[in-house]
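Below, chain A is the first sequence line, B the second, and so on; all start at residue 1. What's counted below: heavy atoms across the whole structure, side chains too, no hydrogens, waters or symmetry copies.
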Amino acid sequence: MDWRRWTALEAGERIRRGEVGCVELTKQILDAVDPELNAWATLLGEQAVAQAEDAQKRIRAGEDLSPLAGVPMGLKDNICTKGVQTACGSKMLEGFAPPYSATVARRLERAGAVLVGKLNMDEFAMGGSGETSCLGPTGNPWDREKTPGGSSGGCAAAVAAGEAFYALGSDTGGSIRQPCSFCGVTGIKPTYGAVSRYGLVAFASSLDQIGPVARDVRDCAEILRIIGGADSRDGTSVAANWDFAGCWSGDVAGLTIGLPKECWGPELQEGVKIRVMEAARQLEDLGARLTEVSMPMLDYAVAAYCVIACAEASSNLARYDGIRYGHSAPEADSLEDVYILARSQGFGLEVKGRILLGTLVLSEGYSDAYYSKALQAQKLIRREFDTAFQNCDILLTPCVPTTAYALGSHAADPLQNYLGDRYTSAANLAGLPAVAAPCGFDEGLPVGMQLLGRAMDEATLVRAAHAYQLATDHHKQHPGEVGGREL
Amino acid sequence: MTVDDKLMERLESLSRLKLDPGQRRETARRLEVVMAYLDKLGELDTGGATLPDEGGVCPLREDVAVESFSREDMLAVASNTEDGFFTTPRVVG
């Protein structure tokens, strides 16, 4: 059985039909994990097998679970799991086993999911290459010397390599979409509030969202259906009454797709530009109408994102005080030293830099010029999306300006990581949903396109992405076939 | 913007961080690069845009008492506890 090519829904269907057992599939996944890829922070081994046995019993008993019951998956290591280490790629949380599970983890558990383990990530989700993890970088399954992207690099690499059928990541400025683009898998950053963040370790609370990473958009929609919706434990969450029933016909007739003219400049790798434009033409061939839109404020998205995200991070990460949980410094002999030593020893340099940057833009003498200005830019970006959506139903852009770059190649230039979010961070600033989906290859590496939609209109994005995936096979390509490790 | 030692010391103090000399030098360099880029926000004509107020209304719920975590569970993840409390070095004489 070529189970590595199955989508999560296909795996679930085969489990229900009795063609494969949950335990068998979970063991195969565990055996398939390649430590060299370094996609996992924690593997649950026997605990995952026990959960698979339980899922199998529930399915046999005819319990009404979900189409993904019994399917092995992973969670990014910033999503709290009761009794299972949740370390966020940081020495600060090494050994931290939360006393509770995130709402998304509980909802998946209730739906019969099998948690294989926790996935490697940039430290506290700060980074776009996976290299800031204290566990070391994850490789890209298409080329081990390249980054899988970040911060949900472990999620995308594991799904691409066949080490998980799907995963949940988090996206603050592109952290689901960029790694999906680099690894040739599909992901969704949902509308702000559509998925509970209770139990997500906070980075920038006004921007963070949890979302799915999977082999195709149909899987992503099913995962959203399970994890989405209001949660009394997250005051920012809202009801998500998505109706995906009309999304599967492959029909995009009547859909108007806007192409922001600001997204095709010299910063865009030529091969990426060609593939994304081909995707636009493909959608046009399928019945959509293409129209050019102008969104000059997109040029300010990275700067506004950088200021707001770091400002919120500096505040959110103040909770790591060396007292209540996380790393502590036993040698501290004053309360001040308890704070300073724990934080200085526990955080990596990237995290420290972002805390300091956030502190700077919030401090007296700088906050008007940077933080207030960034909030104003955010408002103008939101208005610009509103205007654009008066003329189109969804927007299509490249996901990332380049394909995956060499590990270490951006280490000296702090701007490069931020500029990788050039096309993705605006969706976080505006709170809008966005899909990243594979649309071809450039020199053997995956290229991703991004579809952006109106708030809570994930269904239109899913409809368009699914029509595209029905008509193409880019999302079905496997690293073993295009130059990656032979499976 | 020049990020000198004085500014770094102030930021470290506010952030409860202490960087070694090598980290401080590298971080100051990186901050200068990023801040130079962020200066583009200053070129933006915001036309007097007021701060964001378009996020909708935050839904409120009734304040209902529900079972929460046990003290033992919360203290179990702390490094230093005693008699059901977190402990720190002495803060008063």
- line: Nearest heavy-atom approach of Ser79(B) to Gly326(A) is OG-O, 4.1 Å
- prompt: Looking at Val64(B), Asp39(B), Leu75(B), Val3(B), which has the largest count of heavy-atom pairs under 4.5 Å with chain A?
  reply: Asp39(B)
- prompt: So which heavy atom on Met74(B) is nearest to which on Pro99(A), and how close?
  reply: CE-CG, 3.1 Å
message: Please rank Leu357(A), Val307(A), Val338(A) by heavy-atom pairs under 4.5 Å with chain B and give me the top one.
response: Leu357(A)
- prompt: Are any non-hydrogen side-chain atoms of Ile340(A) and Leu17(B) less than 4.5 angstrom apart?
  reply: no
task: Tell me, for Ser232(A) versus chain B, whether the close heavy atoms (under 4.5 Å) come from the side chain, the backbone, both or neither.
output: both
- request: Decide yes or no for Met1(B) and Tyr366(A): does some side-chain heavy atom of the first lie under 4.5 Å from some side-chain heavy atom of the second?
  value: yes
message: What I'd like to find out is whether the side chain of Lys373(A) reaches to under 4.5 Å of the side chain of Lys40(B), using heavy atoms alone.
response: no
query: If you count heavy-atom pairs under 4.5 Å between each of Ala230(A), Ala412(A), Gly431(A) and chain B, which one has the most?
result: Ala412(A)
- request: Check each atom of Leu349(A) against the heavy atoms of chain B and say whether the ones under 4.5 Å are side chain, backbone, both or neither.
  value: side chain
query: Is the side chain of Arg30(B) donor-acceptor paired with the backbone N or O of Leu415(A) at a distance under 3.5 Å, no angle test?
result: no
query: In terms of heavy-atom pairs under 4.5 Å with chain A, which of Leu31(B), Leu14(B), Thr27(B), Leu44(B) leads?
result: Leu44(B)
- prompt: Side chain, backbone, both or neither: which part of Gln345(A) has an atom under 4.5 Å from a heavy atom of chain B?
  reply: neither
field: Contact winner vs chain B - Tyr100(A), Tyr300(A), Tyr339(A), Tyr325(A), heavy-atom pairs under 4.5 Å
entry: Tyr300(A)
- request: Can you see which heavy atom on Ala97(A) is nearest to which on Val77(B), and at what distance?
  value: O-CG1, 3.5 Å
- prompt: Pick from Ala369(A), Ser328(A), Gly353(A): which one has the most heavy-atom pairs with chain B under 4.5 Å?
  reply: Ser328(A)
- prompt: Checking heavy atoms, do the side chain of Phe96(A), its backbone, both or neither come under 4.5 Å from chain B?
  reply: side chain
message: Would you say that Ser363(A) contacts Arg10(B) through its side chain, given a criterion of any heavy-atom pair below 4.5 Å between the two side chains?
response: yes
query: Between Asp299(A), Leu341(A), Asp337(A), which has the largest tally of heavy atom pairs under 4.5 Å with chain B?
result: Asp299(A)
- request: For the pair Asp321(A) and Arg16(B), find out whether any cationic side-chain nitrogen is under 4.0 Å from an anionic carboxylate oxygen.
  value: no
field: Value rounded to 0.5 Å, distance of CD in Glu336(A) from OG in Ser13(B)
entry: 7.0 Å
Which pairs would a plain distance check flag for residues 80-91 of chain B, meaning a side-chain donor or acceptor within less than 3.5 Å of a matching protein atom at least two apart in sequence or in another chain?
from: Thr87(B); atom 1: OG1; to: Asn80(B); atom 2: O; distance (Å): 3.3
from: Arg90(B); atom 1: NE; to: Val92(B); atom 2: O; distance (Å): 3.0
from: Arg90(B); atom 1: NE; to: Gly93(B); atom 2: O; distance (Å): 3.3

message: Given heavy-atom pairs under 4.5 angstrom as the criterion, report whether the side chain, backbone, both or neither of Ala342(A) touches chain B.
response: neither
Interface residue of largest heavy-atom contact number with chain A, from Glu12(B), Met8(B), Glu26(B), Met35(B), under 4.5 Å: Met35(B)
message: Using a 3.5 Å distance criterion without hydrogens, assess whether the side chain of Thr359(A) forms a donor-acceptor pair with backbone atoms of Leu11(B).
response: no
message: Just so I understand: if I count every heavy-atom pair under 4.5 Å between each of Thr236(A), Ile355(A), Leu317(A) and chain B, which residue has the most?
response: Ile355(A)
task: Flag the one option from Val66(B), Leu38(B), Asp20(B) with the top tally of heavy-atom pairs under 4.5 Å to chain A.
output: Leu38(B)
message: Are more than 12 heavy atoms, taken from residues, nucleotides or ligands other than Arg319(A), located less than 6.0 Å from that residue's CZ atom?
response: yes
